[in-house]
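Values reported hereafter were calculated over all heavy atoms of this structure, with side chains retained and with hydrogens, waters and symmetry mates removed. We count residues from 1, following the sequence as given. Fair warning: this is a prediction, and the values are worked out from it, not measured in the lab.
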Amino acid sequence: MKNRSFSISTLRSVAARAGLDWFLLALLSMIGLAYLWPTPGIQEGPFSLSNLANLGVSVIFFFYGLRLSGDKLRAGLSNWQLHATIHLTTFVVFPLVVWAAMYLFGTDETRLLWLGAFYVAALPSTVSSSVVMVSIAGGNIPAAIFNASISSLIGVFLTPLWMGLFLSTGSGDYDLASVIGKLALQVIAPVVLGILLNRWLGAWAERHKKALSTFDKIVILMIVYTSFCESFERRMFQSLTASDLLILGICMLGLFFLIYGLVNAVSRLLGFNRADRITALFCGSKKSLVQGSVMVTVLFPANVVGIALLPIMMYHALQLIAASVLAQAMARRGADVAQVPAKP
């Protein structure tokens with residue numbers, strides 16, 4: 001019995017170090033469930049799963065606003081070089097790199113996957129996991145909170161602008177003003193309301209942040225399930241092969257390390273200290289599945305939402321695994337440096 005419990009705990013420890021938590025496994029399960037049982041995900045009505053998921057998104061961003069105090073935003077305002085590095089990487093370098101690759105290697109058969117890959121590049125940085133990785137590696141936590149928070153707000157406006165370059169030419173009903181209006185109602189309004197109530201409810205939200213994080217993930221699972229139900233019902237994946245998915249995964253992992261390497265080089269060139277460099281690396285190289293799931297139903301036609309979600313889901317899983325390994329390696333190096341006695 002002891003050996004069995006030791007084996008289970010060992011497997012859990014190894015999986016945690018690799019970033020393979022229950023959420024990633026649940027994401028894969030939702031895709032399988034959507035394939036086997038798509039009916040609940042495509043049903044319409046006021047209490048349909050898709051409507052509940054949309055409501056859940058607004059609640060997510062309300063709670064996010066509750067935890068976004070003025071002190072957190074002011075904590076990292078002074079280091080403009082760090083902020084510029086992160087946001088230029090997130091909203092300029094990322095899209096330009098994928099745009100160039102799409103121009104060089106894209107084909108008519110893989111157009112939707114490339115559009116999904118560009119969607120990944122146009123998204124803002126993550127909030128929670130970026131801060132967690134910065135904390136593990138020993139980076140500048142206040143700056144990470146500030147930049148991850150601001151990135152989410154910037155993304156509400158810049159992500160639709162980037163996607164409009166392609167969706168407006170391929171879809172006649174793409175209305176940028178309408179898209180931003182829907183996102184403002186679903187995302188910005190709840191965030192602003194949360195910020196206004198932070199003074200009274202912020203401490204409560206901080207005490208329950210673990211439960212709120214679980215709620216976030218449950219809503220994302222609902223979005224993923226309903227999105228893939230629609231795509232499976234319309235047989236949108238019939239043209240994709242196993243090799244297509246393998247190549248997509250390799251490209252997403254390669255994209256992460258390419259951006260990670262570029263940010264590392266720029267950070268050293270600008271003379272960032274270790275803590276700021278860590279913050280730039282993890283905030284600048286990650287992309288938000290939360291906002292990707294929110295915006296995808298607004299930006300893309302319902303019949304292609306599942307395919308559009310595939311690249312960000314792959315990038316999310318792979319970035320968590322890679323970032324977890326890198327953050328823990330940095331933490332070990334930081335601990336080793338701290339233990340080295342200073343020279344007399």
Side-chain angles (χ1 to χ4, degrees), residues 21-24 26-27 30 46-76 90 123-136 141-157 159 180-227 282-283 286-298 309 312-313 316 319-320:
D21 60 1
W22 70 268
F23 180 57
L24 292 179
L27 280 174
M30 288 300 101
F47 298 104
S48 65
L49 285 179
S50 59
N51 283 340
L52 290 176
N54 288 334
L55 177 62
V57 165
S58 296
V59 176
I60 285 176
F61 280 92
F62 169 71
F63 286 133
Y64 165 66
L66 277 184
R67 297 175 57 198
L68 195 60
S69 67
D71 292 337
K72 286 181 179 178
L73 292 177
R74 288 190 294 267
T90 301
L123 285 169
S125 178
T126 61
V127 178
S128 57
S129 63
S130 289
V131 176
V132 168
M133 296 305 170
V134 168
S135 176
I136 291 172
I141 297 176
I145 294 172
F146 171 80
N147 281 286
S149 302
I150 294 300
S151 181
S152 294
L153 299 180
I154 295 173
V156 173
F157 301 99
T159 301
I180 292 179
K182 288 179 182 178
L183 291 174
L185 184 63
Q186 193 172 19
V187 176
I188 293 292
V191 168
V192 171
L193 180 60
I195 292 173
L196 293 175
L197 295 176
N198 171 268
R199 179 180 176 183
W200 297 278
L201 298 175
W204 176 87
E206 283 296 330
R207 285 197 305 271
H208 295 87
K209 61 183 178 182
K210 188 172 182 180
L212 296 180
S213 176
T214 302
F215 174 77
D216 294 355
K217 292 174 180 177
I218 291 172
V219 172
I220 293 171
L221 292 176
M222 289 176 61
I223 293 172
V224 169
Y225 172 69
T226 55
S227 299
F282 289 112
C283 290
K286 303 188 79 183
K287 289 293 182 175
S288 174
L289 177 62
V290 174
Q291 286 205 263
S293 302
V294 172
M295 294 187 187
V296 74
T297 56
V298 178
L309 269 177
I312 182 56
M313 288 180 62
H316 171 80
Q319 77 179 359
L320 282 182

Could you walk me through whether Thr126 and Phe282 satisfy the side chain to side chain contact (heavy atoms under 4.5 Å, CB included) test, starting with their C-alpha distance in whole Å, then the side-chain angles of each, then the deciding distance to 0.1 Å, before giving a yes or no? CA-CA 9 Å; Thr126 61; Phe282 289 112; over 6 Å; no
Using every non-hydrogen atom in the two residues, find where Thr159 and Pro124 come nearest and quote the distance to one decimal. OG1-CD, 3.7 Å
Please report the shortest heavy-atom distance between Gly56 and Phe215, naming the atom on each side. O-CE2, 3.9 Å
What heavy-atom pair brings Pro190 and Ser58 nearest, and what distance separates the two atoms? CB-O, 3.3 Å
Apply side-chain hydrogen bond (donor to acceptor under 3.5 Å, both in side chains) to Ser151 and list each qualifying residue two or more places apart in sequence or on a separate chain. none
Met313 and Leu289: which non-hydrogen atoms are nearest, and at how many Å? CG-CD1, 4.1 Å
Minimum heavy-atom separation for Cys283 and Val134, please, with both atom names. SG-CG2, 4.4 Å
Using modelled atom types and a 3.5 Å cut-off, is there a donor and acceptor pairing between side-chain atoms of Gln291 and backbone atoms of Leu123? no
What is the ring orientation for Trp204 with Phe63, classed by angle as parallel under 30°, tilted 30 to 60°, or perpendicular over 60°? tilted
Euclidean distance, Ile195 CD1 relative to Asn198 CG, rounded to 0.5 Å: 8.0 Å
Would you give the length of the straight line joining atom CD1 of Ile312 to atom CE of Met295, rounded to the nearest 0.5 angstrom? 11.0 Å
Under the side chain to side chain contact (heavy atoms under 4.5 Å, CB included) rule, collect the residues that match up with Met30, sequence neighbours excluded. Leu33, Leu221, Val224, Tyr225
For a 4.5 angstrom cut-off between non-hydrogen side-chain atoms, does Lys287 reach Thr90? yes
So how far is it from Ser125 OG to Ile150 CD1, rounded to the nearest 0.5 Å? 12.5 Å
From Ser130 OG over to Asn147 CG, what is the distance, rounded to the nearest 0.5 angstrom? 9.5 Å
Please report the shortest heavy-atom distance between Lys286 and Gln319, naming the atom on each side. CA-OE1, 3.2 Å
